[in-house]
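See below for the structure under consideration.
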Number of protein chains: 2
Amino acid sequence: MVNKVWKALDDPTRRRILELLREGPLNAGELGARFNMTGASMSHHLNLLADAELVEREKRGQFVIYELNTTVFQGLMEWMLSLKDKTKGESDESNT
Amino acid sequence: MVNKVWKALDDPTRRRILELLREGPLNAGELGARFNMTGASMSHHLNLLADAELVEREKRGQFVIYELNTTVFQGLMEWMLSLKDKTKGESDESNT
DNA sequence: TTGATGCTTAGAATATTATCTAAATATCTA
DNA sequence: TAGATATTTAGATAATATTCTAAGCATCAA
């Protein structure tokens with residue numbers, strides 16, 4: 001649901017996480033080290049990002065590796081463009 | 001600040017308001033009539049949208065007319081694209 | 001000028017979210 | 001197996017956000 005994506009993106013920590021993953025996959029510990037926050041809190045944020053499918057998680061041994069998934073952005077951008085162009089999108093409510 | 005834009009967009013009511021304004025400007029009362037919500041609550045949402053510069057407001061007589069402003073989307077879309085393309089954006093933190 | 005209409009602001013109640021500590025689970029290593 | 005490391009889950013607390021009612025301000029129309 002698109003709702004989850006907007007929710008996930010409405011937080012500076014989570015947006016920063018996505019920016020860090022831009023350079024490549026990182027595990028939960030590596031990500032957590034970049035923030036002034038407990039691992040539990042980080043895990044919470046990572047859960048929201050994974051729920052929104054903005055990241056993929058993969059367990060490798062004792063580590064959990066997170067990787068950016070940008071395919072979800074397509075829907076958001078189309079929605080924004082549909083507001084810009086009167087011709088496109090025709091008030092599609094499936095994205096709200 | 002981009003923070004306000006993400007915040008403003010993280011709400012189904014506010015996203016629906018923007019969709020309604022897609023067809024053209026509407027006053028606060030016309031917008032409010034489309035939602036099951038008091039005028040005070042609507043006013044709150046319109047304030048957040050105006051703060052984020054996603055809408056322009058103009059007073060005409062006793063009415064306050066709201067109009068969509070999509071220029072703000074540019075920044076969000078660039079940020080998303082910078083996550084998609086490794087080549088672009090180069091971890092610019094001004095958008096977080 | 002009085003009353004009605006349109007909209008916003010103030011303040012309170014409720015719901016949601018972010019964060020923490022403590023504890024649990026899973027994996028690795030000696 | 002025992003202990004150490006990596007991560008998540010549970011439960012509590014504090015901060016934010018949504019919504020309401022009541023009251024306020026501005027404008028219009030009689």
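The chains referred to below are lettered A, B, ... by the order of the sequence lines, with proteins before strands, and numbering in each begins at 1.
In the 5' to 3' direction, nucleotides of DNA chain C lying under 4.0 Å from heavy atoms of chain B begin and end at C:dT5 to C:dT9.
Within residues 27-38 of chain B, the residues that have a heavy atom under 4.0 Å from DNA chain D are, in order of number, B:Met37, B:Thr38. Contacts between residues 40-47 of chain B and DNA chain D, defined by a heavy-atom separation under 4.0 Å, are made by B:Ala40, B:Ser41, B:His44, B:His45.
Taking CG from B:Leu48 and CG from B:Leu9, the interatomic distance works out to 11.0 Å, rounded to the nearest 0.5 Å.
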Quick one: which protein N/O atoms are closer than 3.5 Å to N/O atoms of nucleotides 23-30 of chain D? Pair and distance per line, please.
| from | atom 1 | to | atom 2 | distance (Å) |
| --- | --- | --- | --- | --- |
| D:dT27 | O2 | B:Gln62 | NE2 | 3.4 |

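Contacts of B:Thr70 classified as side-chain hydrogen bond (donor to acceptor under 3.5 Å, both in side chains), with partners at least two apart in sequence or in another chain: none. Remark: A:His44 engages no residue in a side-chain hydrogen bond (donor to acceptor under 3.5 Å, both in side chains) (not counting sequence neighbours).
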Pair A:Leu18, A:Tyr66 - check side-chain contact (heavy atoms from CB on, under 4.5 Å), show working. CA-CA 10 Å; A:Leu18 297 182; A:Tyr66 286 85; over 6 Å; no
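At a threshold of 4.0 angstrom between heavy atoms, the contacts of A:Leu48 are confined to the sugar-phosphate backbone, with no base atom among them.
Comparing A:Gly39 and A:Lys7 by the nucleotide of DNA chain C that holds the closest heavy atom to each, the one mapping nearer the 5' end is A:Lys7.
Between A:Glu58 atom CD and D:dT7 atom P the separation is 13 Å, expressed in whole Å. What separates CG of B:Asp10 from C1' of D:dT16 is a distance of 12 Å, to the nearest Å.
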